[in-house]
Amino acid sequence: MLTINNLNFGYKKNVPVLKDINLTLDSGFSLLVGENGSGKSTLINCMTGVLCGSGKIEIDGVPCGSREYARCVSYLPQTFDVYPALKVGEILEFVAGLKGVPKKEVKQAVKDAAQRTNTESFLETKFKKCSQGMKRRVGIASALMGDADVIILDEPTAGVDPKERRQFYRTIKECFAGKTVLISTHILDDIESLADNIIMLSRGKITCNMPYSEFISSLGREATLEELWIHYQEAGNDTVE
Amino acid sequence: MIRWSKKTDFLSIRYPLMAFLIFLCFIQLMPQVFITSSQMDTQLPPSADNDIYFWMQLVAYVFIALIVCFYFEETFRTPSAHYIGTFKLGTFRTVFLRYVRLLFIMEIIYLPFVYICIFRANKNIRYNMEFFGSVFELIDPLKPIFQCSVFMLFAVTSAMFFMALLKNKVYVIVLTLVICIMEIRAFPILFDKYTLFRGATMPRADYFSFFPENVLSLFVLSFIFLMLTLILHRFNKT
Amino acid sequence: MFLNLIKLNFKLIFRSAVFWICSVIFIFAFGLTVFMYDYLEFVNYSLILSQSGYIIIILFILCFISAVYFSHNKTVLEQSCLTPVHIVYKSKFAAVLISFMTFCIIPVCFFLVLEIIEKNGILFFSLTILYMVIYLIGIISVATTLGFLTGYIVRPFYAYIFSIPFAVIFSILFQNTIFKIFGYYKDISFRIYHMITMNSFFGEGVEVEYRGPNLNILFLIKFLMTMVVALLLCFILFQVLRGKVRTFSAVGTVFCVAAYIGLAAAFWKYHPVRYNDLEKLYILDYKQQPYEITSYSGDINLKEWSDYSISVGIKKTGEADGLTLRLDQSMKIKSLDIDGKDVDYKRFGDILEIDCNKEEFTLNLSCGGRISYVNELHSVNIYTTNTSCALPPEFAFLPKIDGDKSKKQYDLSVKSNNTLISNLDFNKENGVYKLSGNSQNMCLFSGFLTQTEIDGITFYHASCSRKLQKSFEAYYSRMNSNSISVFNPDTYDLEKYSGDEKSKVFMIYYLYGNNNFFVVYDDYMMYNYGYPI
């Protein structure tokens with residue numbers, strides 16, 4: 001379980017980007033949504049330990065920033081682009097090393113991850129020659145390394161075609177079943193297909209944090225996802241004003 | 001245990017390292033590099049002049065910078081640095097240990113070639129002694145080996161620093177080329193004996209002491225660059 | 001559309017850090033070369049042009065890597081407007097080429113400052129600027145075109161590395177390789193070296209300081225060759241951009257190759273000819289002839305291809321079958337007659353044999369040609385150009401008789417585009433120099449020259465020379481020393497000299513086999529310009 005208590009962060013003094021973020025993520029797929037500039041990436045950076053805000057972020061009592069914490073988190077950035085000149089297998093071995101997978105188990109771990117993400121036949125292909133969809137799958141395979149408890153995916157389906165996206169949903173549901181998964185996204189399809197929980201961020205504040213089933217009927221009437229989105233975004237704007 | 005894969009480091013630099021090795025072998029095919037003119041005046045301190053440092057330092061610097069760029073690219077390039085930062089490996093393991101490893105490998109590869117070059121230069125000096133019937137001082141190989149090891153330290157450290165600063169290997173290579181151009185004439189005019197690659201063009205290399213003035217410059221700059229790199233990496237992470 | 005794209009690219013280039021960083025580096029390197037070199041101290045700033053090997057390397061590499069950088073720039077904006085790719089890159093290339101031509105402003109600014117300090121005159125300044133601008137345009141054109149082409153073909157950043165071998169090939173660094181293949185310091189090696197690289201000609205030799213910038217036919221041919229190479233690279237680039245052979249580009253490529261071959265042939269023809277002192281100047285092995293030249297009169301028009309219309313008075317002093325004169329082979333004879341009647345003659349190199357049995361006669365000769373000779377120390381020191389000439393007294397630019405030490409009466413009109421000096425008395429009337437006097441021989445030097453009178457001695461020197469005061473001091477200290485050695489042109493050796501002062505001292509470049517020693521003639525003396533003291 002990942003808990004965030006009173007998280008505040010600003011890149012400059014007196015210009016807060018995140019305000020009083022309180023969050024608890026349990027197992028299941030939580031989707032972090034919000035308009036551009038709402039603070040999604042900043043929140044994710046704080047959760048991965050790249051940025052340090054005031055407040056507490058813990059995974060089962062392990063504080064953020066420690067190596068122990070880093071081992072509990074698997075992060076897939078929006079652009080997974082590490083050592084593009086190397087082969088897929090070599091990149092996965094590298095990530096396995098960074099995740100502390102014992103040397104003897106690396107090859108097997110890579111094979112397992114490749115099998116689960118359907119990238120086995122691409123292990124000898126250079127990463128830069130892979131298609132966009134394949135690169136995403138390699139990213140997921142790297143996130144599988146180390147068997148982390150918390151998986152954070154930053155806009156994983158951006159730029160992916162609908163067919164590939166469907167395949168992607170199936171893959172991450174299978175691979176990350178039972179884990180705490182946080183997915184940051186703009187794409188409404190992702191919400192429909194994956195969300196167990198919705199966390200909506202607007203101007204650095206959480207305006208909505210509820211199970212998906214409650215979210216859908218939260219307006220007291222039948223509403224489309226766009227209407228719900230706009231409603232909660234404007235709620236955030238009103239709060240600020 | 002969390003570790004940075006040595007295999008990945010080797011894979012990332014295999015081609016530029018191969019090119020560097022080919023270059024070092026190529027130098028051996030050019031006999032004019034080792035033709036050495038020695039000081040005839042016994043009143044003055046001994047000196048010897050040849051093209052060894054031009055090739056083994058000035059031109060080699062470009063190859064070394066290329067290797068360092070490939071080696072440290074993912075450490076400092078913004079998207080990958082950001083991703084790797086999430087693993088909490090620490091500056092010491094991400095930068096310093098890997099830097100020491102790379103430096104060690106480069107020294108192991110480079111210094112034997114320096115020894116061969118000095119050996120051939122001494123052969124030429126002996127030939128001159130027979131031809132002119134004079135006595136010239138032979139070069140003690142330890143001294144240029146030491147100087148070249150300091151040069152390698154500077155080359156690796158400076159390239160790493162530029163990579164940390166500029167985060168793009170294109171800029172680093174361009175900067176390296178500019179430094180080499182400047183070292184051909186501009187820097188020797190400005191800094192004289194303190195110029196970085198003394199002996200590449202002018203003034204003459206000092207093969208007969210361990211610590212000529214330019215080696216001191218290289219040492220000091222290497223230390224400064226190393227500190228700055230570690231600070232930059234730490235600063236960028238926080 | 002093309003113009004709009006060029007304007008867009010200008011904005012991108014002039015707002016990019018790369019362009020300004022290159023400018024700063026070039027300013028720094030050029031400034032360092034200008035201000036840190038010794039020759040600024042004793043001669044004029046145009047000599048930087050001949051010592052510019054290092055500047056060429058820097059400029060070439062800067063233009064090359066900048067062109068690679070800009071060729072790798074993203075073209076998303078243009079492509080989103082559905083602009084054809086080849087138009088996008090052609091406009092980018094044109095913008096890069098024109099932008100980097102602005103580098104020519106940098107040396108212009110430097111030379112402007114130096115001109116204000118040195119005050120060499122508008123003609124000197126203009127010629128220097130013109131020379132430098134033409135020179136740099138050539139280098140920038142080739143470097144930028146080559147860089148852009150390389151950057152377009154070699155997409156990853158390895159393209160930058162190509163700057164090293166190309167800079168080596170086109171610069172002074174290639175000299176050793178060429179010399180190794182064709183022979184060290186051989187004539188053919190220098191010709192090929194000057195043809196391939198963009199280095200100035202014979203930069204390793206001592207410069208004739210009063211010449212100023214050497215804007216002669218060879219320089220212009222070299223510039224044209226450079227531009228043809230740049231044009232050829234352009235056509236190759238256009239072919240590559242189009243992805244297929246286009247008629248225009250193919251024809252252009254063929255034209256460039258043909259033009260280059262033609263220009264190379266012209267270059268070879270007009271390249272300075274290597275000469276030996278003992279063949280051109282100091283003839284030790286000759287057959288004494290029973291003839292004497294009594295007078296020279298006529299008109300000389302000094303320019304790159306000079307014209308001579310001379311009447312030579314000759315008198316027989318003994319029995320002889322025919323007359324053998326020495327006239328340099330570069331002087332092509334247009335007409336030759338004796339006392340108005342055509343006469344048969346034979347020419348073998350510098351030797352001119354004429355059938356004549358008269359006791360006293362006048363040889364009327366009309367000839368002309370381009371003189372350009374380089375000595376074994378790599379100095380082009382016997383030459384005629386449109387703004388300068390160096391015709392030392394031993395050189396047979398007028399017909400002479402080997403071993404004839406008699407005094408001749410000179411009465412010549414010489415047209416020169418620049419200041420002319422001679423051992424003869426001269427005065428300028430309506431742009432024409434009237435030379436007259438009685439002397440064993442005659443010399444002509446023109447260029448940026450002037451004279452200073454000290455204690456009744458006329459010192460001729462470069463008007464653009466800054467180490468002058470030390471030169472006067474060096475002259476007096478040499479003349480006042482216990483024993484003076486001088487070079488004897490008749491024996492090609494050194495000898496002791498009495499130390500008699502002459503009324504005229506030529507304190508200009510004078511290294512014609514005399515090893516910096518004075519050369520003394522009947523009424524004047526040569527002293528290489530205060531070098532070294």
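Chain naming here is simple, since letters A, B, ... match the order of the sequence lines and numbering starts at 1 in each.
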Full working for side chain to side chain contact (heavy atoms under 4.5 Å, CB included) between B:Y83 and A:S142: CA-CA 12 Å; B:Y83 174 67; A:S142 73; 3.8 Å; yes

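Looking at every heavy atom in both residues, A:Y83 comes nearest to B:S12 through CE2-CB, 3.7 Å. Shown here for A:L86 and B:R14, the closest heavy-atom pair between the two residues is CD2-NH2, 4.4 Å.
Heavy-atom contacts from other residues, nucleotides or ligands closer than 6.0 Å to CZ of B:F26 number 12 or fewer. Within a 6.0 Å radius of CE in A:M1, other residues, nucleotides and ligands contribute 12 heavy atoms or fewer. The neighbour count for B:Y115 OH, taken as heavy atoms of other residues, nucleotides or ligands under 6.0 Å away, does not exceed 12. The number of heavy atoms from other shown groups lying within 6.0 Å of CZ (B:F211) is above 12. B:Y194 OH: 12 or fewer foreign heavy atoms inside a 6.0 Å radius.
Side-chain contact between A:C64 and B:K88 is absent, with no heavy-atom pair separated by less than 4.5 Å.
When each of B:L11, B:D9, B:I84 is scored by its heavy-atom pairs under 4.5 Å with chain A, the top score falls to B:L11. By number of non-hydrogen pairs under 4.5 angstrom with chain B, the leading residue of A:A96, A:A85, A:P77 is A:P77.
Taking CZ of B:R3 as the start and CZ of A:F94 as the end, the distance is 11.0 Å to the nearest 0.5 Å. Atom NE2 of B:H82 sits about 5.5 Å away from atom OG1 of A:T48, to the nearest 0.5 Å. In this structure, A:L76 CG and B:T86 OG1 are separated by 10.0 Å, a value rounded to the nearest 0.5 Å.
The part of A:F80 that comes within reach of chain B is its side chain, from C-beta onward, which places non-hydrogen atoms under 4.5 angstrom from that chain. A:S66 touches chain B through its backbone: at least one of N, CA, C or O sits under 4.5 Å from a heavy atom, while the side chain does not. Looking at A:V73, neither its backbone nor its side chain comes within 4.5 Å of chain B, counting heavy atoms on both sides. Contact of A:L98 with chain B is made through backbone and side chain together, with heavy-atom distances under 4.5 Å. Looking at A:K103, the atoms closer than 4.5 Å to chain B (heavy atoms on both sides) sit in the backbone and in the side chain alike.
Within the 3.5 Å criterion, the main-chain N or O of A:E93 finds no donor-acceptor partner in the side chain of B:K7.
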